Amino acid sequence: AIVSPVRAMPMRVLTVGKKRSQGTQLLVEEYKEKLGHYCDVEDTLIKSNPKLTSDVKVQIEAEDASMMQQLKAEDFVVVLDENGKDVMSEQIADLIGDAGNTGSSRLTFCIGGPYGLGIQVRERADATIRLSSLVLNHQVALILLMEQLYRAWTIIKGQKYHH
């Protein structure tokens with residue numbers, strides 16, 4: 001449980017992918033607005049397969065490099081990976097609280113493209129979690145993450161959303 005007040009660290013979500021569907025974008029905007037009551041939140045889409053290669057290894061490396069360019073040394077980086085630690089909503093709330101106590105200036109969540117995240121980003125992670133034991137499309141993972149970040153803040157603040 002969180003005892004001390006949680007620092008409202010700015011949050012950023014990085015996803016690798018192609019243009020989002022309108023439905024996904026609408027839901028992302030809705031949760032960004034809700035999260036905005038608690039902290040600054042930014043959402044960045046990194047173009048998948050920037051080198052337009054048919055070589056998966058080259059694609060992953062290029063996406064990895066693009067994502068690494070977006071990360072700053074002072075970011076607390078959380079990677080979403082199917083081999084990550086299973087978390088419950090309360091643990092995401094704890095993660096937000098813990099990240100706020102590290103001296104990091106921003107909490108950044110990374111969602112990979114169709115072939116997952118590259119080695120550099122995975123090694124850079126301060127925490128690696130998975131939202132489900134199912135393999136999720138990055139748009140579905142993004143919506144799920146945004147909802148869980150909102151839920152986590154309502155848990156932190158003791159508000160009536162999470163039951």
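Sequence positions, counted from 1, serve as the residue numbers for this chain. Since this is a predicted model, take the numbers as computed values, not measurements.
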**Asked** How many angstroms lie between CG in Asp98 and OG in Ser104, if you round to the nearest 0.5 Å?
**Response** 11.0 Å
**Message:** For the CG atom of Asp75 and the OG1 atom of Thr108, what is their distance to the nearest 0.5 Å?
**Reply:** 3.5 Å
**Request:** Dump the intermediate steps for side chain to side chain contact (heavy atoms under 4.5 Å, CB included) on Ile92 and Leu131, then the final yes or no.
**Result:** CA-CA 10 Å; Ile92 293 178; Leu131 296 175; 4.2 Å; yes
**Prompt:** Between Leu117 and Gly112, what is the shortest heavy-atom contact and its length?
**Reply:** CD2-CA, 3.5 Å
**Any Val87 side-chain heavy atom under 4.5 Å of Leu95 side chain** = no
**Message:** If I take atom CD from residue Gln25 and atom NZ from residue Lys32, how far apart are they, to the nearest 0.5 angstrom?
**Reply:** 6.5 Å
**Fill in**
When every non-hydrogen atom of Val6 is compared with those of Gly97, the smallest separation belongs to CG1-CA, 3.9 Å
**Asked** Any side-chain heavy atom of Asp86 sitting closer than 4.5 Å to one from Arg130?
**Response** yes
**Complete:** Heavy-atom nearest pair, His138 first then Lys18, reads NE2-N, 4.2 Å
**Prompt:** Between Ile46 and Val77, is there a shared hydrophobic cluster once you connect ILVMFWY residues whose side-chain heavy atoms come closer than 4.5 Å?
**Reply:** yes
**Message:** A side-chain contact here means heavy atoms from C-beta on lying under 4.5 Å apart; do Leu80 and Ile129 qualify?
**Reply:** yes
**Asked** Remaining members of Met88's ILVMFWY cluster at a side-chain heavy-atom cut-off under 4.5 Å?
**Response** none
**Request:** Over all heavy atoms of both residues, which pair between Asn49 and Glu63 is shortest? Give the atoms and the distance, please.
**Result:** N-OE2, 2.8 Å
**Message:** What I'd like to find out is whether the side chain of Arg124 reaches to under 4.5 Å of the side chain of Met67, using heavy atoms alone.
**Reply:** no
**Prompt:** More than 12 foreign heavy atoms under 6.0 Å from CD of Gln22: is that the case here?
**Reply:** no
**Fill in**
Arg7 and Trp153 have their tightest heavy-atom pair at O-CH2, 4.0 Å
**Request:** Flag yes if Val79 and Ile143 sit in one hydrophobic cluster, no otherwise; membership is Ile, Leu, Val, Met, Phe, Trp, Tyr, and two members link when side-chain heavy atoms are under 4.5 Å apart.
**Result:** no
**Prompt:** Which hydrophobic side chains are connected to Tyr115, either touching it within the sub-4.5 Å cutoff or through other members that do?
**Reply:** Val56, Ile60
**Item:** Interatomic spacing from OG1 in Thr24 to CG in Leu45 - rounded to 0.5 Å
**Value:** 10.5 Å
**Message:** Test your reading of the model: is there a side-chain donor-acceptor pair from Gln139 to the backbone of Ser21, 3.5 Å cut-off?
**Reply:** yes
**Separation of Ser66 OG from Leu71 CG (nearest 0.5 Å)** = 11.0 Å
**Prompt:** Any donor and acceptor pair, going by atom type alone, linking the side chain of Asp81 with main-chain N or O of Thr128 inside 3.5 Å?
**Reply:** no
**Prompt:** Are any non-hydrogen side-chain atoms of Val13 and Val28 less than 4.5 angstrom apart?
**Reply:** no
N/O donor to acceptor pairs below 3.5 angstrom from side-chain atoms of residues 33-42, sequence neighbours left out:
from, atom 1, to, atom 2, distance (Å)
Tyr38, OH, Gln159, OE1, 2.4
Glu42, OE2, Arg12, NE, 3.3

**Asked** Between atom CD1 of Ile155 and atom CZ of Arg151, what is the distance when rounded to the nearest 0.5 Å?
**Response** 7.0 Å
**Asked** Mind checking whether Met146 and Ile111 sit in one hydrophobic cluster, side chains of I, L, V, M, F, W, Y counted as touching below 4.5 Å?
**Response** yes
**Message:** Would a single hydrophobic cluster contain both Val121 and Val78, if residues Ile, Leu, Val, Met, Phe, Trp and Tyr are joined by side-chain heavy-atom contacts under 4.5 Å?
**Reply:** no
**Prompt:** Do Leu27 and Leu14 share a hydrophobic cluster (ILVMFWY, side-chain heavy atoms under 4.5 Å, transitive)?
**Reply:** no
**Message:** Looking at every non-hydrogen atom in both residues, tell me the closest pair between Ala152 and Ile96 and how far apart they are.
**Reply:** CB-CD1, 3.6 Å
